[in-house]
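Below, read A as the first sequence line, B as the second, and so on, with proteins coming before strands; counting in each chain starts at 1.
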Amino acid sequence: MIGASSIRKEGRAKVLGTAIYTDDKFMPGALHGLTVRSEVPRGILRAIHFGEGIPWEEFTLVTAADIPGTNLVASVVDDQPFLIGIGEEITHSQQAVLLLAHADRHLAEKARRAVRLEIEELPAVLDIQSSLDLQPLIYGTNNLLKEIRIAKGDPDPIWAQAAHVIEGEYRTGAQEQMYIEPNAMLSVVEPKDGLLQVTVWGSLQCPYYVHGALKQLFGLPEKQVRVVAMEMGGAFGGKEDYPSVNGGHAALLAWKSGKPVRLIYDREEDLACTTKRHPSRTRLRTAFDADGNLLALEADFILDGGAYATLSPVVLSRGAVHAAGVYRCPHVRIHARAVATNTPPPGAFRGFGAPQSLFAMERHMDRCARQLSLDAVELRKKNFLRMGDTMATGQVIREDLDLAGLMDRALAAIGYRDKRAAFALTNPEDGPIKRGVGFSVFMHGCGFTGNGESHVASVAGVEGLADGTVAVLAASTEMGQGKNTVFAQIVAEALQLPVELVDTAPVDTDRVPNSGPTVASRSTMMVGRILEDAAIGFKQALVQQGFLAEPYTPASFQAAVAKAVAALGSLRCYGQYHRPPGLQWNDVTYQGDAYPTYSWACYAAEVAVDLDTFEVKVADFVAVQEVGRVVNPTLAAGQIEGGVAQGIGWGLWEEVAMQRGRMINNQMTNYIIPTSVDLPRIQVIFLENAHAGGPGGAKGIGELPMDGPAPAVVNALENALGALRLDEVPMTPDRLLERCEEVSHG
Amino acid sequence: MFDICELCEPETLAEAKAIFRANPELKVIAGGTDVLIRMQHGNLAGAGLLSLRNIPHLDEVQLLADGTISVGAMAPFTRIFEHELIRKLVPVLGEASVSMGGPQVRNVATIGGNLCNGAVSADSASTLFALDALLKLETAEGERIIPMRDFYAGPGKVNLLPGELLVAILIPREGYEGMGGHYIKFAPRKAMDIATLGVAVVCKIRENRFVELRIGLGVAAPVPVRCFEAEDYAKGREVTWECVQEIARLALKPAKARSSWRASKDYREHLIEVLAQRAVAEAVKRGGGCCAD
């Protein structure tokens with residue numbers, strides 16, 4: 001069970017094409033919903049004009065004036081309206097202004113094009129620096145969506161005394177999640193027993209986020225709102241916060257029309273208007289003594305948060321906590337800000353702020369090694385965190401941590417020393433191909449940052465079914481990561497049953513409790529742990545009530561469950577999150593245990609650069625990680641390989657091209673994600689180190705592989721090409737040509 | 001799914017031409033890999049389609065009596081690069097064909113559709129430019145045969161008369177015989193991508209001298225172009241590395257590269273030069289020459 005590569009629970013249905021995704025759900029008489037958006041980055045909406053030649057009387061139309069409850073999307077900060085009303089300020093180019101629905105989708109599309117918005121344009125802020133300069137002021141009193149300061153010791157006296165002070169500035173671009181299934185919602189709003197009942201079926205990661213948003217939008221109590229997660233074609237964070245917006249839009253149209261409404265984005269709309277990874281700018285200053293010991297670190301970490309706060313405060317928080325990387329440092333100051341711009345709000349994306357700050361730190365360590373004339377391996381070895389050390393937030397490392405061993409394993413696997421020596425000989429020869437090898441060392445905090453888990457207080461359970469099998473009750477969703485399978489393995493292990501006897505109940509808020517959002521690499525470790533408790537409680541209940549005698553066989557267990565369900569009508573057992581003893585966190589001072597534990601990794605990349613075309617090929621890749629105990633090796637390796645592919649894509653190709661606050665390459669043909677032929681062999685190595693927090697010692701794994709590839713690849717590039725200003729991703733051929741010319745022109 | 005008002009599926013070419021003469025507003029659909037995307041984007045809304053799929057023999061690749069290779073307009077790219085005649089006589093066209101899209105797209109996308117779509121990035125276009133190919137166009141009234149370079153009128157625009165269909169692509173014997181060729185598609189990723197630049201080169205080498213050289217560039221200007229200055233320079237010259245470098249420099253002449261978010265002008269011009277060098281060097285090698293310095 002735990003530790004076995006059980007077959008993916010929903011795999012067969014997906015392969016056979018029988019899995020039901022949102023747009024597949026049969027719903028007779030459903031209307032097709034569409035969204036009319038602002039198109040200008042900032043302005044005042046003066047009027048909505050309905051063009052001629054459209055039978056507008058046949059359409060369901062929803063504007064801000066129709067909204068029955070509160071016109072604000074429930075999130076960390078409730079600042080984003082579902083729809084902008086006449087006279088109100090438009091703050092980004094994809095702002096929804098009008099919703100329309102019709103049975104004929106082609107006519108609906110014609111109608112959407114026939115709407116003309118009269119907007120009085122205002123000057124817009126489109127980049128980080130203009131926002132910091134308040135050119136102009138667009139949000140609150142200072143254009144800041146969130147500001148965080150983390151302090152340890154006092155770096156100020158160190159700068160003057162230190163043997164070396166090294167500074168650097170690093171930038172990362174926006175990135176699209178590029179799930180295969182675009183965002184999709186289906187809604188029915190109808191009276192039931194005299195009360196309005198709002199139901200949304202959708203492609204969504206966090207049913208209770210959408211549930212909360214619908215309650216606020218309609219001003220309804222919990223019982224009158226139902227959210228069902230359908231089969232999902234990928235998410236990567238892209239269906240974490242946005243479904244509260246489009247779920248609300250679908251429900252508004254269903255409510256106004258009295259009919260079922262589908263709101264299915266096509267790829268172009270999805271890319272243009274839904275959330276992306278936050279662009280970032282990080283300035284680092286580090287002080288070292290003459291031997292290369294890190295004495296002080298100062299980080300100025302800035303995220304472009306777009307027009308509304310959405311999840312930026314928590315993305316910023318994770319990015320800030322990860323900013324000092326995996327190094328021991330007595331004096332640290334981290335200043336983190338999420339700034340407002342007139343661009344569509346970014347949101348959650350695998351890694352959640354950590355890839356940005358870790359790219360900066362791991363590039364900076366290579367820069368420091370170069371300036372200190374030290375080997376990049378040795379510099380890191382001198383400064384790695386070890387058991388007993390304190391991190392920037394004052395968190396003490398309590399586990400036996402051997403980063404040097406982890407790094408050595410990765411370097412040996414890729415042949416780092418031999419390749420460095422060989423490339424040093426071959427690169428100076430004529431010929432356009434230059435080779436290099438590089439690496440990054442990093443961590444990813446498991447679960448929510450700080451007190452997040454305590455605030456959510458997740459509940460999950462186990463239910464006996466009439467046929468004697470067991471169902472997992474959790475609001476955690478399957479987005480391809482393997483939740484269905486891993487949860488079944490965890491419960492099967494706790495009950496000593498074959499995994500075939502455990503399956504997942506449909507993720508429907510009428511049926512499953514709030515096990516929290518499916519995010520933050522938390523499902524296996526956090527929800528899995530709760531399920532382990534629930535399963536043991538379930539077994540004890542069977543024993544205590546005389547249905548089951550120990551020891552038992554799977555057959556006798558199944559018979560006992562069937563008997564209990566027949567006798568009692570239903571049998572469910574729930575567990576709830578409890579903060580492990582000894583964990584402390586202060587939300588105000590940002591001091592304490594930022595995460596219950598961390599996964600640790602070293603990724604190494606070999607690259608070949610063609611100096612004729614400036615193309616970069618990643619020739620080999622090794623991913624070594626310590627993730628506690630691996631629950632399902634095949635699924636875990638799949639997670640790592642996919643994350644590495646996404647990380648390399650972010651590092652080399654994936655560029656969100658913006659023009660006047662709008663994404664202009666919003667198609668799969670011009671937003672370039674790598675295909676299998678663009679990627680190297682990826683060698684995945686797990687080092688296991690049982691941790692008490694998760695089921696069977698598991699830690700979080702989902703986001704970790706996004707953090708390391710970009711800095712490893714760019715560090716390898718520097719090894720191939722020598723010192724260049726390689727401080728930005730994606731490092732496209734065009735950008736690389738520019739960097740090389742900077743050097744040749746002095 | 002698509003906003004289509006009618007679909008005509010004639011069984012013969014004569015029937016197709018008659019329908020098209022009577023209804024010149026119809027949109028011709030071949031493999032559909034471009035037309036359906038435009039419809040998906042809401043362009044061509046409510047269009048009527050004239051499909052050529054049911055017409056027999058339009059997808060054939062043949063060697064005509066005079067040595068001309070005739071590629072039917074409806075030949076899908078998979079058939080072209082797998083075809084014995086293409087492999088043997090014009091492997092460079094096979095190279096261009098297999099660089100296009102991915103396997104699923106190549107199975108349905110046709111060479112005629114690729115050309116008539118008018119995209120400057122069409123992988124087959126620059127190669128057919130270099131091969132001095134001719135296009136056989138037919139209407140109900142008759143046929144005309146025009147050189148490739150008279151076909152492109154601007155980005156996405158081709159010179160087709162109302163009611164006119166592209167029936168075949170003709171590669172005359174002198175276009176391919178005894179020629180070494182090479183096509184380089186340059187794109188950010190190695191599959192499922194659109195060319196940032198396409199360079200097609202064919203050349204005939206005798207005693208290590210250029211008898212003939214032809215270079216076609218895609219995405220270097222608003223329409224595919226030939227590099228006549230470079231070609232004239234090469235004629236009769238001995239193949240040396242310096243000569244290849246000079247050819248590549250001259251290949252820049254017809255280019256009208258511009259900056260866009262995809263690539264800067266500088267980068268595009270740099271690419272034209274280095275890839276022309278590579279393509280010429282490889283074509284020379286395949287043509288039996290040697291440009292070692």
inquiry  = Between B:Y267 and A:T613 (side chain of the first, backbone of the second, donor and acceptor by atom type, cut-off under 3.5 Å), is there such a pair?
reply    = yes
Residues passing the salt bridge (charged side-chain N to carboxylate O under 4.0 Å, His left out) test with A:R171, sequence neighbours excluded, are A:E169
Against chain B, residues from residues 661-675 of chain A with at least one heavy atom under 4.5 Å, in numeric order, are A:I664, A:N665, A:Q667, A:M668, A:T669, A:N670, A:Y671, A:I672, A:I673, A:T675
Quick note, salt bridge (Lys or Arg N to Asp or Glu O under 4.0 Å) partners involving residues 264-274 of chain A, not counting sequence neighbours, are A:R37-A:E269
Those residues at least two apart in sequence (or on a different chain) that pass side chain to side chain donor-acceptor pair (under 3.5 Å) with B:E238 are none
When rounded to the nearest 0.5 Å, the distance separating OG of A:S676 from CE of B:M192 is 11.0 Å
* Might you confirm whether atom CZ of B:R258 has over 12 heavy atoms from other residues, nucleotides or ligands at distances under 6.0 Å? => no
The interface call for A:L611 against chain B, heavy-atom contacts under 4.5 Å, is backbone
If one checks every heavy atom of B:L275 against chain A at 4.5 Å, the contacting part turns out to be side chain
Checklist entry - Are any of the side-chain heavy atoms of B:R278 and A:P432 separated by less than 4.5 Å? => result yes
To the nearest 0.5 Å, atom CD of A:E655 lies from atom CZ of B:R262 at 12.0 Å
Any chance you could lay out the salt bridge (Lys or Arg N to Asp or Glu O under 4.0 Å) test for B:K190 and A:E615, step after step, and finish with the verdict? CA-CA 11 Å; B:K190 298 295 160 221; A:E615 285 171 291; 2.6 Å; yes
Determine whether more than 12 heavy atoms belonging to other residues, nucleotides or ligands lie under 6.0 Å from atom NZ of A:K617. no
When the 4.5 angstrom heavy-atom criterion is applied to A:R113 and chain B, the contacting part is side chain
task: Say whether, by atom type as modelled, one donor and one acceptor occur between the side chain of A:D612 and the main chain of B:V274 under 3.5 angstrom.
output: no
Donor-acceptor pair, distance only, cut-off 3.5 Å: does the side chain of B:D3 make one with the backbone of A:H106? no
Is the backbone N or O of A:M658 less than 3.5 Å from a side-chain atom of B:W261, with the two atoms forming a donor-acceptor pair by type?
no
Look at B:R268 together with A:D734 and state whether they make a salt bridge at an N to O cut-off of under 4.0 Å.
no
